[in-house]
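Just the heavy atoms: all of them, side chains too, but no hydrogens, waters or symmetry mates, feed the values below. Lettering follows sequence order; numbering is per chain, from 1.
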There are 2 protein chains.
Amino acid sequence: MILIKDKQIDYFVTLLHKASLKATPTRIAVLKVLEKEHKPLSIAILQKRIGEQKIDTATVYRMMQSFQEKGIVRRVDLRHTHAHYELATRADHHHITCERCGKIEDIPWCDLAPIVKKALCQSVTFTQITDHTFELFGICRSCADEE
Amino acid sequence: MILIKDKQIDYFVTLLHKASLKATPTRIAVLKVLEKEHKPLSIAILQKRIGEQKIDTATVYRMMQSFQEKGIVRRVDLRHTHAHYELATRADHHHITCERCGKIEDIPWCDLAPIVKKALCQSVTFTQITDHTFELFGICRSCADEE
DNA sequence: AAGTAATTGCAAAAGATTTGCATTTAGAGT
DNA sequence: ACTCTAAATGCAAATCTTTTGCAATTACTT
Ligand SMILES: [Mn+2]
Ligand SMILES: [Mn+2]
Ligand SMILES: [Zn+2]
Ligand SMILES: [Zn+2]
């Protein structure tokens with residue numbers, strides 16, 4: 001039997017090890033989904049997308065927790081009543097979400113550095129800024145056409 | 001007995017009527033708290049701050065819902081497991097939140113218009129952008145000193 | 001002053017997240 | 001390859017957050 005190496009899996013294993021996390025099948029499966037879907041996913045959707053090897057909800061929550069601490073995922077708030085997560089391995093980027101249908105489009109860049117810097121300079125209380133969120137909301141073409 | 005008119009209450013009554021909402025004591029009380037605290041509040045805190053005339057949780061949720069639709073409040077996501085709300089009567093502005101202690105500082109301006117415009121221009125799917133969120137996270141001075 | 005739709009409170013349901021504990025397992029060390 | 005251990009998982013229960021149905025109340029129109 002020939003063992004075929006999977007480039008993607010190798011990458012994830014390394015990613016996890018660098019973060020001093022064990023490379024479990026569960027984690028690899030979750031990372032695959034996040035990579036493939038390429039947009040912020042809720043815990044529930046994440047779980048559904050994995051299919052086969054059912055993963056317990058508590059496990060997914062704990063995973064997102066530790067992934068977040070290690071900088072592997074990023075939490076995204078889309079004004080739903082639950083959090084969404086996406087891979088943080090991609091460069092800093094943002095999204096536009098449709099207020100009607102929930103469609104998400106990528107904004108593949110981030111021009112916020114100067115603004116973040118300005119905010120930090122003016123701040124009395126803060127000595128460092130570690131992170132930022134920036135989300136746009138609007139109406140997508142197909143929802144606009146419906147009216 | 002002399003009736004003394006309260007400027008602030010008058011203002012809130014007008015605000016509500018303009019939005020075709022009834023000016024109830026409950027709503028006035030909530031608006032007063034939001035005005036006074038001057039920062040994004042969770043439903044639970046909002047309820048506590050009102051003190052005296054206990055307001056039911058469902059009522060507060062429904063209120064935030066309609067206030068949001070009418071543009072009276074704005075929802076703010078601070079990566080807690082619940083939403084925060086603040087008055088939308090203030091000009092567009094943003095916040096820095098301490099990741100350790102949760103302290104919130106105001107950024108009393110918004111320079112994002114050009115970036116929002118650029119995003120809309122480049123977008124394939126969206127014809128209009130109605131709203132945006134921008135939140136900074138960092139470590140505040142006192143939390144930094146503790147280490 | 002009366003009439004009505006909007007608002008509220010209460011109780012229950014639904015949804016989201018966290019926790020405790022027993023069991024399993026990845027990976028370090030041999 | 002085998003052993004050992006801390007880390008990770010599943011399951012059940014607890015907790016926290018948000019929504020809903022319904023009956024009673026109330027702000028405002030006429
Ligand atoms: Mn969602
Ligand atoms: Mn909070
Ligand atoms: Zn950015
Ligand atoms: Zn802004």
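- The side chain of B:His17 lies closest to D:dC28 when the candidates are C:dG27, C:dT19, D:dC28.
- A:Glu135 and A:Thr97 are not linked by any side-chain donor-acceptor pair at a separation below 3.5 angstrom, with hydrogens and angles left out of the test.
- Between B:Arg79 atom CZ and C:dT17 atom P the separation is 15 Å, expressed in whole Å.
- Here D:dA8 is the nucleotide among D:dC28, C:dC10, D:dA8 with the atom lying nearest to any side-chain atom of A:Lys22.
- For B:Glu37 and B:Arg49, the salt-bridge test passes: some basic side-chain N is under 4.0 Å from an acidic carboxylate O.
- Across the protein-nucleic acid pair, A:Phe12 atom CZ and C:dA26 atom P stand 18 Å apart, rounded to whole Å.
- Atoms CE (B:Met64) and P (C:dT7) sit 13 Å apart, rounded to a whole Å.
- Here C:dT8 presents its C1' atom at 14 Å from CG of B:Leu21, a figure rounded to the nearest Å.
- The nearest whole Å value for the distance from the CD1 atom in A:Ile55 to the P atom in D:dG10 is 6 Å.
- Rounded to an integer number of Å, the gap from A:Met63 CE to C:dT17 P is 15 Å.
- At the heavy-atom level, A:Ser66 lies nowhere under 4.0 Å from the strands shown.
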Pull out every protein N or O sitting under 3.5 Å from an N or O of nucleotides 14-18 of chain D, one pair per line with the distance.
unit_1: D:dT17; atom_1: OP1; unit_2: B:His82; atom_2: ND1; d: 2.9
unit_1: D:dT18; atom_1: OP1; unit_2: B:Ala83; atom_2: N; d: 3.1
unit_1: D:dT18; atom_1: OP2; unit_2: B:Tyr61; atom_2: OH; d: 2.3
unit_1: D:dT18; atom_1: O5'; unit_2: B:Tyr61; atom_2: OH; d: 3.2

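- Between B:Arg27 and the phosphate of C:dT7, there is a side-chain N or O to OP1/OP2 separation shorter than 4.0 Å.
- In this structure, A:Gln65 and B:Ser20 both approach DNA chain C, and ranking their closest nucleotides by distance from the 5' end singles out B:Ser20.
- Donor-acceptor pairing under 3.5 Å is recorded for the side chains of B:Asp92 and B:His132.
- Taking OH of B:Tyr11 as the start and CG of B:Leu16 as the end, the distance is 10.0 Å to the nearest 0.5 Å.
- With rounding to whole Å, A:Gln53 atom CD is found 18 Å from C:dT24 atom P.
- Looking at the side chain of A:Thr24, the nearest of the listed nucleotides C:dT8, C:dT7, C:dA26 is C:dA26.
- Relative ring orientation between B:Phe134 and A:Phe134 is described as perpendicular, the plane-to-plane angle rising above 60° on a 0-90° scale split at 30° and 60°.
- Remark: A:Asp77 CG to B:His80 NE2 distance equals 10.0 Å, nearest 0.5 Å.
- Rounded to a whole Å, the CG atom of A:Asp56 is 16 Å from the P atom of C:dA16.
- Residue pairs meeting the side-chain hydrogen bond (donor to acceptor under 3.5 Å, both in side chains) criterion with at least one member in residues 115-124 of chain B, sequence neighbours excluded: A:Glu105-B:Ser123, A:Trp109-B:Gln122, A:Asp111-B:Lys118.
- Projected onto DNA chain D by closest heavy-atom contact, A:Thr26 and B:Pro25 fall at different nucleotides, the more 5' of which corresponds to A:Thr26.
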